[in-house]
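Structure, as structure tokens:
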Amino acid sequence: MNNSSVQLNSNYHILVTGGAGFIGSNLCEALIKNGNKVTCLDNFATGKRENIATLMNNPKFNLIEGDIRNLADCQKACEGVDYILHQAALGSVPRSINDPITSNDVNVSGFLNMLVAARDAQIKRFVYAASSSTYGDSKSLPKVEDIIGKPLSPYAITKYVNELYADIFSKTYDLETIGLRYFNVFGRKQDPNGAYAAVIPKFVMQLMNHESPVINGDGSYSRDFTYIDNVIQMNLRAISTSNKEAVNTVYNVAYGERTDLKELVSLLKEYLSDFDAVIKQVEIKYGPKRQGDVPHSLASIDKAKNFLGYDPLYNIEAGLKEAVKWYWKNLK
Ligand code: NAD
């Protein structure tokens, strides 16, 4: 399947911040494949050199090792750039609970540096990774862009502040911005290791090693798990839209269905047992609920469909099959 289904002019120079991370490196690859020139700004806090290893010899790819907390690095990275896909941030709710100061420095001060650098370099459009965590304690389902609750973690605050700053920059300095509220993204290159690993790669690795995945809570919490190629599609659409009514706003980026954690593990076991039948017998364990977790998350994707023509090609089953194949081939 073509992961983008979007035609993007191939002569652009696009800056991907956090381009060595999970989502950023997938974006770099897709943009280069389309023929664009890409600059990647990353300090490798959580990103990996292997994520961009295949791009390093490509003359259209340029890596700047730098930190978004440093305005000069942001300014250097913006030189000659048409569009920005800003992905650099410290993800993870628990990380932000353990160290709110660093999360704020990177996610808020770093974001502001990037906005200032983008404004001064007269970038055509600043597209940034927002987050479904902005819905906070709002109980309404599905989540519609205009109805948010109170943030439930320092991370959620940082992502909400990003939206507020982007809005002010578009109104005050005429910088075009689009925020993409990602919902639990998964797929190739997502890091399965470390204390702050996301649930899908962590469970995949545990199952591949015949270890029991531990579900926090009773397994009834649900998420709108979103395959990486749907996210790539939205980023390309956000860059390429010429509809002036579609900019200076935020969009949900999701599939539009929710899956609870019990179901998720059973799908993973089913797909992984095609490679190793023993995985079907691995037991699931249950642990305490995690602080700051919202019980359910499900997006309305109507706004993205209406304004940007978003058409997600991968549901959770199709995405998980691809992801599992990739982990088996690359990390087993
Ligand atoms: P990731 O950790 O794989 O990627 C983040 C990248 O940013 C890494 O390469 C890291 O090294 C880089 N980075 C961190 N601090 C930096 C700094 N100070 N200067 C320069 N680079 C820095 O995470 P990801 O899952 O690819 O997330 C990308 C973006 O999407 C983040 O903004 C995250 O908040 C957002 N997001 C992700 C999800 C998800 O489900 N993965 C959901 C909602 C929002």
Side-chain angles (χ1 to χ4, degrees), residues 15-29 39-52 63-74 76-77 84-93 95-96 99 101-114 117 126-135 143 153-163 166 179-202 223-228 230-232 234-235 250-255 294 297 299 319 323:
L15 167 62
V16 181
T17 69
F22 157 48
I23 297 172
S25 62
N26 276 292
L27 289 171
C28 289
E29 266 182 11
T39 292
C40 161
L41 171 65
D42 206 298
N43 72 346
F44 294 95
T46 57
K48 292 205 163 59
R49 288 180 200 278
E50 65 245 38
N51 285 345
I52 48 171
L63 168 67
I64 297 181
E65 280 195 59
D67 196 313
I68 58 167
R69 287 169 291 185
N70 179 350
L71 181 60
D73 287 352
C74 300
K76 185 175 164 209
I84 296 176
L85 296 178
H86 176 62
Q87 311 300 307
L90 287 176
S92 164
V93 164
R95 185 204 310 272
S96 76
D99 182 1
I101 290 179
T102 311
S103 286
N104 190 81
D105 282 349
V106 175
N107 298 6
V108 178
S109 301
F111 187 88
L112 185 55
N113 282 337
M114 280 304 308
F126 183 88
V127 177
Y128 63 97
S131 167
S132 61
S133 64
T134 291
Y135 290 104
K143 307 294 184 197
S153 65
Y155 172 73
I157 293 179
T158 68
K159 286 292 172 176
Y160 181 46
V161 171
N162 288 176
E163 294 187 8
L180 301 178
R181 284 185 190 157
Y182 300 156
F183 279 67
N184 292 80
V185 186
F186 70 95
R188 59 189 177 276
K189 297 187 182 182
Q190 190 172 27
D191 192 353
N193 300 310
Y196 303 125
V199 65
I200 291 181
K202 185 161 90 183
R223 295 286 178 268
D224 197 333
F225 291 106
T226 309
Y227 187 56
I228 182 68
N230 300 331
V231 173
I232 293 172
M234 266 300 273
N235 276 275
V250 296
Y251 294 92
N252 289 341
V253 181
Y255 184 74
V294 295
S297 181

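Indexing begins at 1, ligand by ligand and atom by atom, following the structure's order.
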On the six-membered ring of Y155, is R95 placed so that its NZ or CZ lies under 6.0 angstrom from the centre and within 45° of the ring axis? no
Cation over ring face, R181 and Y135, 6.0 Å, 45°: yes
Candidate pair T226 and N184, rule side-chain contact (heavy atoms from CB on, under 4.5 Å), full reasoning: CA-CA 6 Å; T226 309; N184 292 80; 5.7 Å; no
Within the protein, flag every N or O under 3.5 Å from an N or O of ligand 1, and note the pair and distance.
unit_1   : atom_1 : unit_2 : atom_2 : d
ligand 1 : 2 (O)  : T46    : OG1    : 2.6
ligand 1 : 3 (O)  : F22    : N      : 2.8
ligand 1 : 9 (O)  : G21    : N      : 2.9
ligand 1 : 9 (O)  : D42    : OD1    : 3.3
ligand 1 : 9 (O)  : D42    : OD2    : 2.5
ligand 1 : 9 (O)  : G47    : N      : 3.3
ligand 1 : 11 (O) : D42    : OD1    : 2.6
ligand 1 : 11 (O) : A45    : N      : 3.0
ligand 1 : 11 (O) : T46    : N      : 3.1
ligand 1 : 11 (O) : G47    : N      : 2.9
ligand 1 : 13 (N) : N43    : OD1    : 3.4
ligand 1 : 18 (N) : N43    : ND2    : 3.3
ligand 1 : 18 (N) : D67    : OD1    : 2.8
ligand 1 : 19 (N) : I68    : N      : 3.0
ligand 1 : 21 (N) : N43    : N      : 3.3
ligand 1 : 21 (N) : N43    : OD1    : 3.3
ligand 1 : 26 (O) : F22    : N      : 3.4
ligand 1 : 26 (O) : I23    : N      : 2.8
ligand 1 : 32 (O) : Q87    : O      : 2.8
ligand 1 : 32 (O) : K159   : NZ     : 2.9
ligand 1 : 34 (O) : Y155   : OH     : 2.7
ligand 1 : 34 (O) : K159   : NZ     : 3.1
ligand 1 : 40 (O) : V185   : N      : 2.8

Do R69 and N43 have side chains that approach each other closer than 4.5 Å (heavy atoms only, starting at C-beta)? yes
Within a strict 4.5 Å, meaning less than it, do heavy atoms of the D224 and K143 side chains meet? no
For T158, what residues pass the side chain to side chain donor-acceptor pair (under 3.5 Å) criterion, not counting sequence neighbours? N107
